[in-house]
J.: 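Sending over a structure as C-alpha cells; questions will come in a sec.
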Protein chains: 2
Amino acid sequence: MDQTGEEDGTGAGSAPRRTRIQQKNREAILEAALEVFSQHGFRGATVDQIAQAAGLSKPNLLYYFPSKEAIHIELLSTLLDTWLAPLRRLDPEGDPKAEILAYMHRKLEMSRTLPRESRLFANEMLQGAPRMKDMLEGDLKALAQDKAAVIARWSDEGKIAAVDPYHLIFAIWALTQHYADFEVQVRAILGPDHDPFSEADTFLTTLFNRLLAR
Amino acid sequence: MDQTGEEDGTGAGSAPRRTRIQQKNREAILEAALEVFSQHGFRGATVDQIAQAAGLSKPNLLYYFPSKEAIHIELLSTLLDTWLAPLRRLDPEGDPKAEILAYMHRKLEMSRTLPRESRLFANEMLQGAPRMKDMLEGDLKALAQDKAAVIARWSDEGKIAAVDPYHLIFAIWALTQHYADFEVQVRAILGPDHDPFSEADTFLTTLFNRLLAR
DNA sequence: TGTTTGTTTGACCACGCGGTCAGGATGAGG
DNA sequence: CCTCATCCTGACCGCGTGGTCAAACAAACA
C-alpha cells in the first residue's frame with residue numbers, strides 16, 4: 001500500500017515505474033524542498049513548509065517520501081550531477097585557455113540561474129557535508145583529479161601559464177559560487193543599480209585571462 | 001586578549017558594569033555558542049548544546065542571556081568588526097600592490113585561524129542575512145565604498161592594472177573564505193597530505209600578482 | 001553574625017516538530 | 001455500475017525545544 005517504489009541509491013537498475021500523479025507530485029515536492037531547504041537549511045526547514053509550498057498536506061507529502069531526510073538526500077544526490085556537469089565538459093583536446101574560460105562561464109551561469117542549488121550545496125558543505133562526504137571523496141574527487149591532470153598537462157606544455165591546477169579549480173568554484181551564496185552581501189554593497197552577474201562575467205574574464213596568459 | 005565589553009543592544013552608551021563571574025560566564029557562553037552555531041546553524045543549534053559546551057545548565061545560561069537569539073545577535077555584531085578589520089587596515093598611502101596583497105594575506109590568515117567565525121558569517125549570508133542586513137548596508141557598505149574608491153584611484157593613476165575595485169574585493173573575500181567554509185570539500189579532494197592554506201597562500205599570491213601587474 | 005545581592009538549579013510548561021494511522025475520496029479498468 | 005488500487009486527509013502521538021519560576025545556594029559586606 002504505502003510502498004512508493006524507491007530507487008534507494010543502492011538498488012541500482014530497478015525502474016521506479018511511477019504514475020502520472022506520482023511523477024507530478026514528486027517533482028513538486030522536490031522543487032518545494034529545494035526552495036525551503038536552500039533558504040533555511042535542513043534543520044531550519046519544516047515538512048509543513050515544504051508541503052505547503054508544494055501544495056500538499058503534510059501527511060500526503062509523507063506518502064510520497066518516507067521522511068524529511070529522504071527528500072534532502074535525494075535532492076543532494078541529484079544535485080551533485082548537475083553541479084559537476086560543467087567541469088565534465090572541460091575538453092582535454094580543446095584550446096586550453098578557451099576551455100578554462102568556458103568552464104568558468106558555465107559555472108557562473110549556473111550560479112545565476114540556479115542560486116538555490118548553489119546555496120543548498122553550500123549549506124551542506126558548511127555543516128561538514130554529513131550526508132555528502134562519501135560523494136565528495138568518490139565522484140567529485142575522481143573528477144577533480146582527472147581534470148586537474150589535464151590542466152597540469154597544459155601547464156607543463158606551456159599552453160597556459162604555470163598554475164596549481166587544483167587551486168585553479170577551487171578559485172573558479174569560489175569566485176562563481178560567491179555571487180550566488182553571498183548575493184545579499186554583494187547587492188547590499190553594489191546597490192540596486194547594478195547587475196552583479198554581468199559585471200562578474202567581465203571581471204572574471206579579465207582575471208583568468210591575466211592569470212593564464214603566458 | 002579580546003575585550004568582550006559589549007553594548008546591550010539598546011542603550012548606546014550605558015556601561016555594562018559586570019562582576020567577575022558574569023564576565024567569565026558570558027565569555028564561555030559566547031565561545032560555546034560560536035562553536036555550536038557555526039557547526040549547526042541557528043536553527044540547528046540548541047540551547048542545551050550551547051549550555052553544555054559552556055559548562056552551564058540551560059536555565060543558568062538563560063540567566064545571562066535573555067534568549068537564544070540574543071546570543072546569536074551579539075555574536076554577529078561583534079563578529080562584523082573583527083571581520084572588517086583587515087580591510088580597514090588597507091592603507092591609501094601605502095604601495096598599492098603590496099597593500100592589496102597584504103590585505104589578501106590577512107584575510108586568508110583569518111580564514112585559517114578563525115574558521116568558525118567564517119562559517120557563522122557564511123551561514124548568515126546564506127539565509128539572506130536576516131539579522132545582519134542593516135549592518136551590511138551600514139558599516140560594511142560604507143567601508144567597501146571607501147576602500148573601493150582608494151583602489152579605483154590606484155587603478156586610474158596606473159599604479160595597478162585596471163580592475164573593477166568592488167569585484168576585486170569580492171574576489172578576495174570569495175577566494176579566502178572558500179578555504180574555511182568549504183574546507184571539507186578542499187580536503188576531500190586534496191587528501192590528507194596537503195596543507196590547503198599554505199598552498200592557497202602561494203597560489204593566491206601568484207593570482208593577484210598577475211591580475212594587478214601592469 | 002545576619003542580610004542583601006548575585007548565582008544556580010530541578011521541575012515544569014507550551015508548543016512546534018516529524019511522523020503515524022484509520023479511514024474517506026478519487027481515480028481507472030471492467 | 002461495481003471494484004480495487006491509488007491518493008488524500010483530520011486527528012492524533014511522542015518528543016525535543018525554548019523559555020519560566022520558585023526556591024536553594026553562594027558571596028559580599030555590614
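The sequence lines fix the lettering, A, B, ..., with proteins before strands; numbering per chain opens at 1.
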J.: Within the pair A:Asn60 and D:dC7, is there a side-chain N or O less than 4.0 Å away from OP1 or OP2?
T.: no
J.: So if I take every side-chain heavy atom of A:Thr19 and compare against D:dG19, D:dT6, C:dT9, which nucleotide ends up nearest?
T.: D:dT6
J.: Where the side chain of A:Tyr64 is concerned, which of D:dC7, D:dG19, C:dG19 is the nearest nucleotide?
T.: D:dC7
J.: C:dT9 phosphate, OP1 or OP2: any side-chain N/O from B:Ser57 under 4.0 angstrom?
T.: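 Yes, such a contact exists.
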J.: Between B:Lys141 and B:Glu137, is there a salt bridge with N-O shorter than 4.0 Å?
T.: no
J.: Write down the protein N/O and nucleotide N/O pairs, taken from nucleotides 25-28 of chain C, whose separation is under 3.5 Å; answer none if there are no such pairs.
T.:
none

J.: Short of 4.0 Å, heavy atom to strand atom, which residues of residues 48-55 of chain B count as contacting DNA chain D?
T.: none
J.: Can you tabulate the close N/O pairs, meaning under 3.5 Å, that link protein atoms to atoms of nucleotides 11-16 of chain D?
T.:
none

J.: Nearest to the side chain of B:Lys68 - D:dC8, C:dG6, D:dG19?
T.: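 Of the candidates, D:dG19 comes closest.
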J.: Under a 3.5 Å cutoff, is there a donor and acceptor pairing between the side chains of A:Glu199 and A:His194?
T.: yes
J.: With a cut-off of less than 4.0 Å, is there a side-chain N or O of B:Tyr63 near OP1 or OP2 of C:dT8?
T.: no
J.: In whole Å, what is the span from the CD atom of A:Gln22 to the C1' atom of D:dC7?
T.: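 Interatomic distance, CD of A:Gln22 to C1' of D:dC7: 9 Å.
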